[in-house]
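Ligands are counted one by one from 1 in listed order, and the atoms in each one are counted from 1 as well.
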Amino acid sequence: MMMPPLIEKNGSILMGGLSLAELSGEFGTPLFAYDLNTAGEMFHSLSRFITWKPLEIYYAMKSNWNPDLLRYFRSLGSGIDAVSPGDILMAKSAGFNPDQILYTTNNITDEEMDMAMNEGVRFNVGSISRLRKYASRYPGTSICVRFNPDVVAGEHDYLCTGGSLSKFGVLLEDAREVLAITRDAGIRITGLHEHTGSGIAAAESVYQSMKNLLSIAGQFPDLEFIDFGGGFKVPYDPDEIKIDYTEFGRNITAIFEEFCRSYGRRLTLCFEPGKYLTAACGVLIVEVNTIRDNKSRRIVGVNSGLPHLIRPSFYGAYHHIVNLTNPSATPFKYDIVGNICESGDVFARDRMLPEVREGDLLAIQNAGSYCYSMGSIYNLRPLPAEVVIQGNTAKLSTKRLSFAELVLRLSES
Ligand code: LLP
């Protein structure tokens with residue numbers, strides 16, 4: 001079964017208007033390909049289903065900081081959710097203004113705080129400890145405070161961000177302490193923030209997190225915006241039940257509207273999705289080089305591995321896989337494994353795929369979020385190249401280093 005944005009046409013599998021097999025011929029494999037129009041459609045869909053105005057979207061660039069994607073999101077009017085000084089510099093080099101960047105801090109150093117303040121970005125503090133240090137160094141400024149929504153949700157234990165076992169956000173019960181620290185330093189809290197988790201399947205969890213944060217928001221008189229983080233789930237498995245985002249958006253808007261009415265001011269509603277915007281727009285194309293028949297298992301070895309796409313190994317995540325070069329053949333069951341010296345280097349187990357032969361190209365879908373950006377050079381294999389597709393054109397965005405170039409870079413002092 002084909003999952004969007006891929007379509008099959010006359011035996012070829014296309015993304016945007018381009019054949020992925022031809023693209024691999026041109027740019028080699030392993031190759032990440034991102035379809036900008038798909039990312040753009042996802043971006044625009046948010047304001048269709050969340051009708052509240054003003055609505056601001058801060059793209060969670062940790063999911064994919066490809067420079068062409070960043071520039072594209074800037075052209076669409078997105079802001080940036082940044083989580084490190086590196087993110088800030090990368091976003092600025094893609095043309096974002098400092099006031100379009102919200103820096104959500106997490107166990108940062110004083111140097112990192114000063115650096116972010118010097119860059120002029122908006123600052124989001126998530127612990128009482130950091131708030132105290134901030135208040136003594138930057139009195140009289142404006143700030144956003146991240147609270148922990150006290151809701152545990154996400155598609156894997158590692159992807160649940162709320163709850164008191166989590167390292168993220170100030171506990172709701174500490175709101176008074178936040179107020180006391182900032183009042184003494186003449187700091188205005190102009191924004192509140194929470195993020196519940198990633199890949200949230202239950203819409204109720206999102207509503208509950210919103211309500212929990214809003215239950216304390218009335219205590220903060222200077223608010224201009226409230227940011228409810230990311231976490232919007234998109235399907236990774238064709239059989240997965242899809243979330244009704246129209247209804248979801250309607251409920252979100254109603255919850256926020258009710259709060260703003262009682263608060264007495266129309267605040268800006270913010271979200272910072274990553275996966276929702278970029279997961280589906282990307283594929284990782286790999287080439288099959290070794291097939292073994294191990295008693296009952298057919299094991300397919302490819303020229304990539306967990307350093308390029310770690311989600312199946314790390315979270316047990318499902319990523320749909322398509323045989324680009326033999327799409328109509330009889331299906332068999334396969335394990336798809338990588339080229340790394342790790343037994344956990346597995347993209348999929350027991351996966352039905354049209355007959356796979358050595359030399360075939362496979363496309364691993366939903367590779368637009370948290371794949372290249374979580375990538376590494378483990379086993380000293382370079383990261384794949386990245387291309388961006390827009391309509392019928394493809395452009396090399398990031399080149400693949402040769403082994404020699406990689407080693408040269410690492411040997412330079
Ligand atoms: N905002 C904050 C404060 C976050 O911590 C995150 C994700 C997001 C927004 C965006 O979440 P998204 O919309 O992408 O679910 N590596 C994991 C995901 C880690 C997410 C960490 N924070 C994965 O591959 O599933």
For Arg146, is at least one N or O under 3.5 Å away from an N or O on ligand 1?
no
Is any side-chain N of the basic residue among Glu155 and Lys275 closer than 4.0 Å to the acidic one's carboxylate O?
yes
Which of the atoms in ligand 1, numbered in the order shown and given with their element, are less than 4.0 Å from a heavy-atom of Asp81?
1 (N), 2 (C), 9 (C)
What's the shortest distance from atom 15 (O) of ligand 1 to any protein heavy atom, and which residue and atom give it?
Ser198 OG, 2.4 Å
On the six-membered ring of Phe225, is Arg122 placed so that its NZ or CZ lies under 6.0 angstrom from the centre and within 45° of the ring axis?
yes
Touching ligand 1 at all, Pro273? Heavy atoms, strictly under 4.0 Å?
yes
Do Asn37 and Tyr72 come within less than 4.5 Å of each other through their side chains, counting heavy atoms only?
yes
Relative to the ring of Phe314, is the ring of Tyr158 parallel (under 30°), tilted (30 to 60°) or perpendicular (over 60°)?
tilted
For Phe332, does the six-membered ring have the charged nitrogen or CZ of Arg298 within the cation-pi criterion, i.e. under 6.0 angstrom from the centroid and within 45° of the normal?
yes
I'd like to know if Tyr276 contacts ligand 1, where contact means a heavy-atom distance under 4.0 Å to any ligand atom.
no
My understanding is that only one of Pro382, Cys371, Pro30 makes a side-chain contact (heavy atoms from CB on, under 4.5 Å) with His308; could you say which?
Pro30
Say whether Asn64 and Ser369, considering side chains only, have a donor N or O and an acceptor N or O under 3.5 Å apart.
no
Any heavy atom of Ser63 closer to ligand 1 than 4.0 angstrom?
no
With atoms numbered from 1 as shown, which atoms in ligand 1 lie under 4.0 angstrom from a non-hydrogen atom of Arg311?
23 (C), 24 (O), 25 (O)
Protein heavy-atom partner closest to atom 17 (C) of ligand 1 - residue, atom, separation in Å
Tyr315 OH, 3.0 Å
Considering both backbone and side-chain atoms of Gly197, is one of its nitrogen or oxygen atoms within less than 3.5 Å of a nitrogen or oxygen in ligand 1?
no
Give the residue and atom name of whichever protein heavy atom lies nearest to atom 4 (C) of ligand 1, and the separation in Å to one decimal.
Lys62 NZ, 3.0 Å
Can you list every side chain to side chain donor-acceptor pair (under 3.5 Å) pair that touches residues 135-152, not counting sequence neighbours?
Asp114-Arg137, Asp114-Tyr138, Tyr134-Thr141
Atom 8 (C) of ligand 1: nearest protein contact (heavy atom, Å):
His195 CE1, 3.4 Å
If we count only N and O atoms by modelled type, under 3.5 Å, do the side chains of Tyr236 and Asn366 hold a donor and an acceptor together?
no
Just heavy atoms, cut-off under 4.0 Å: does Glu155 contact ligand 1 by side chain, backbone, both, or neither?
neither
Do me a favour and list the nearest non-hydrogen protein atom to atom 9 (C) of ligand 1 with residue, atom name and distance?
Glu272 O, 3.1 Å
List for me each residue that meets ring-ring contact (aromatic ring centres under 6.0 Å, His included) alongside His44, sequence neighbours excluded, and say none if there are none.
none
Side chain, backbone, both or neither: which part of His156 has a heavy atom under 4.0 Å from ligand 1?
neither
Asn339 vs Val302 side-chain heavy atoms within contact, under 4.5 Å
no
Contact atoms of ligand 1, heavy-atom distance to Leu159 under 4.0 Å
17 (C), 18 (C), 19 (C), 23 (C), 25 (O)
For Thr161, which part has a heavy atom under 4.0 Å from ligand 1: side chain, backbone, both, or neither?
neither
With a 4.0 Å cut-off on N to O distance, would you call Asp335 and Arg351 a salt bridge?
no
Looking at ligand 1, does any of its N/O atoms fall within less than 3.5 Å of an N/O of Tyr370?
yes
Any nitrogen or oxygen of Gly229, side chain or backbone, less than 3.5 Å from one on ligand 1?
no
Ligand 1 contact on Lys275 by region, counting heavy-atom pairs under 4.0 Å
both
